[in-house]
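Have a look at the structure below, then the notes.
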Amino acid sequence: MRILFVAAEVAPHVKTGGLADVAGALPAALRGHGHDVRVVMPRYRSLRGRLPAAGPVAATFLPVGTRAEEMRVWRAGGPDDPLYLLDIPAAFERDAVYGEPDDDRRFILFARGTLALLQHFREVEGWLPDVIHAHDWHAALVPHYCRTTHAYTFGRIAQVLTIHNLAYQGRSNPFTAVLAGLGEGAPVEDRLGPGIAGSFNFLARGILSADVVTTVSPGYAREIITPAFGEGLDALLRSRGDRLVGILNGIDTHGHDPAADPALPVPFSAAAPAGKAACKAALQRELGWPDAPRRPLLGIVSRLVEQKGIELLDASVPWLVHQTDAQLVVLGAGARRYQDALRAHAVMHPDRIALRTGYDAALAQRIYGGADAFLMPSRFEPCGLGQLLSLRYGTVPVVRATGGLADTVREGLGGNGFVFHPFDAGHFRDALWRMLQAWRDEAGWAQLRDRGMREDHSWHLAAGQYAVAFDVARRDAATR
Ligand code: ADP
Ligand code: GLC
């Protein structure tokens, strides 16, 4: 199958969260199954000069509202793993990936640019995808254009949209429809009922237009068709019936291998786990603490946003400090209020709590490698990669039972981690307490850790499931 993969962030080039990990690894796994995959992403300012690229291979102007913006296309990657960079200075010549006041305009241009790239592929390279695989709201207008304004040229291409996080929908006002060249007002959204009506919604249009919609775990696929998790789109998602499927994410097991991770001071593996103790000691020293093998070291690597349950952590730190002997290191980027709350704890208890802010890929690996346990008290979690990376690095996850966390972590010494249910600090602390008790049982803990490290969370299985979803989408597209 020829597949065009459309994403706003792709690891290792640009990353703010798990979407980039998926976009970095899934195309390779699909190629491993014999598919011909091209990836397209924006060329952000940070990539200029850092990611060698040939070109421009195409240049054109993209319509947006009453203006036209310049685009040049660059080609990076090797002959077998092409990566197309859309260089649209009006949209992407800046540092931020998202969160700009004109995000609607920026990602209209990204979708328009992808359409122009398709045109180039067809006319110049004689290549047209069988399937477009678009990710999140940033790419969701691609299937929408292909099924509406561009149906004549691209209507037979199968469209698959993957939702990585329903909390981000690309909602704006109906004027965005004019910018996008999609008419006046938002009749599409107006049909979707209160909450959605009266706005323009990138993701809703993608969900309506795609042949198949996937999300990143079976658990989250079940949750988002309920009002509690549907973020206003549950009725629309329910209406897609069996064309909505959950496919559990994998992780890049080659790039994340404790036996060969350049970020770790000492390699280790399930068969030879001894090096993990040295990684822990090195991490403690790095944080300014003496080596303390008898103290449990807990870690967090996370975006600091509402989703991640930082309130539960904030409420539990005093207990952790006074009632246990654990140490905690948090690496996080995001909301100031969470940074401030965590910093206050670190200042009060510098020998027990460490906070590192910003994005630091190497420190993240040292935490996965060096901590005893990894905490994810998420309010909701579409899949979660942190717990999968932790399992691979012998770091026992303590998670809230939601979305992909519930699908991947099983409670207790007979399972692979610790799980709590209601979203409150008391239940979180109970789970931490169970984990700390289990940690004292050296032999039991070693087995627990070993079981997690031996689990297979590679992309192989998921790539096969995506291929099935692509086939379903192709059949639907062929019969329309
Ligand atoms: P989300 O995509 O919601 O942020 P995931 O658990 O799916 O959550 O993926 C998060 C990814 O981003 C993981 O690879 C994690 O290691 C990484 N990450 C998150 N915050 C940071 C940070 N501050 N520095 C480095 N890596 C981070
Ligand atoms: C989103 C979700 C996260 C998921 C990631 C990759 O950012 O928040 O749970 O693992 O996408 O699919």
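Counting convention: from 1, in listed order, for ligands and their atoms alike. Source: prediction; values computed, not measured.
In this pair, Y98 and H138 present their aromatic rings parallel. The plane angle is below 30°, not in the 30 to 60° band. Ring geometry for H133 versus H135: interplanar angle of 30 to 60°, hence tilted. Using cut-offs of 30° and 60° on the angle between ring planes, the pair W433 and W319 is perpendicular. Under the 30°/60° scheme for interplanar angles, the aromatic rings of Y466 and F470 are found to be tilted. Between W445 and F418, the ring planes lie parallel to each other; the angle is under 30°, not in the 30° to 60° tilted range.
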Just distance, no hydrogens or angles: give the donor-acceptor pairs under 3.5 Å from side chains in residues 296-306, sequence neighbours left out.
{"residue": "R303", "atom": "NH1", "partner": "Y168", "partner atom": "OH", "Å": "3.1"}
{"residue": "R303", "atom": "NH2", "partner": "Q307", "partner atom": "OE1", "Å": "3.1"}

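Screening residues 339-379 for ring pair (Phe, Tyr, Trp, His ring centres under 6.0 Å), with sequence neighbours left out, gives H322-H349, Y368-F374.
Contact shell of ligand 2 (protein heavy atoms, cutoff 4.0 Å): G18, L19, V22, H164, N165, V216, N249, R303, Q307, E381, P382, C383, G384, L385.
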Protein N/O near ligand 1 N/O, under 3.5 Å, which pairs?
{"residue": "ligand 1", "atom": "2 (O)", "partner": "G18", "partner atom": "N", "Å": "2.6"}
{"residue": "ligand 1", "atom": "3 (O)", "partner": "R303", "partner atom": "NH2", "Å": "2.8"}
{"residue": "ligand 1", "atom": "3 (O)", "partner": "K308", "partner atom": "NZ", "Å": "2.8"}
{"residue": "ligand 1", "atom": "4 (O)", "partner": "R303", "partner atom": "NE", "Å": "2.6"}
{"residue": "ligand 1", "atom": "6 (O)", "partner": "L385", "partner atom": "N", "Å": "2.8"}
{"residue": "ligand 1", "atom": "6 (O)", "partner": "G386", "partner atom": "N", "Å": "3.2"}
{"residue": "ligand 1", "atom": "7 (O)", "partner": "L385", "partner atom": "N", "Å": "3.2"}
{"residue": "ligand 1", "atom": "8 (O)", "partner": "K308", "partner atom": "NZ", "Å": "3.1"}
{"residue": "ligand 1", "atom": "9 (O)", "partner": "G18", "partner atom": "N", "Å": "3.3"}
{"residue": "ligand 1", "atom": "14 (O)", "partner": "K15", "partner atom": "NZ", "Å": "2.8"}
{"residue": "ligand 1", "atom": "14 (O)", "partner": "D21", "partner atom": "OD2", "Å": "2.8"}
{"residue": "ligand 1", "atom": "16 (O)", "partner": "Y368", "partner atom": "OH", "Å": "2.7"}
{"residue": "ligand 1", "atom": "23 (N)", "partner": "G358", "partner atom": "O", "Å": "2.9"}
{"residue": "ligand 1", "atom": "24 (N)", "partner": "D360", "partner atom": "N", "Å": "3.0"}

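Residues Q365 and D261 bring a donor and an acceptor atom of their side chains to less than 3.5 Å of each other.
Side chain of R2 to main chain of D36: no donor-acceptor pair is present (N/O by atom type, distance under 3.5 Å, no hydrogens or angles).
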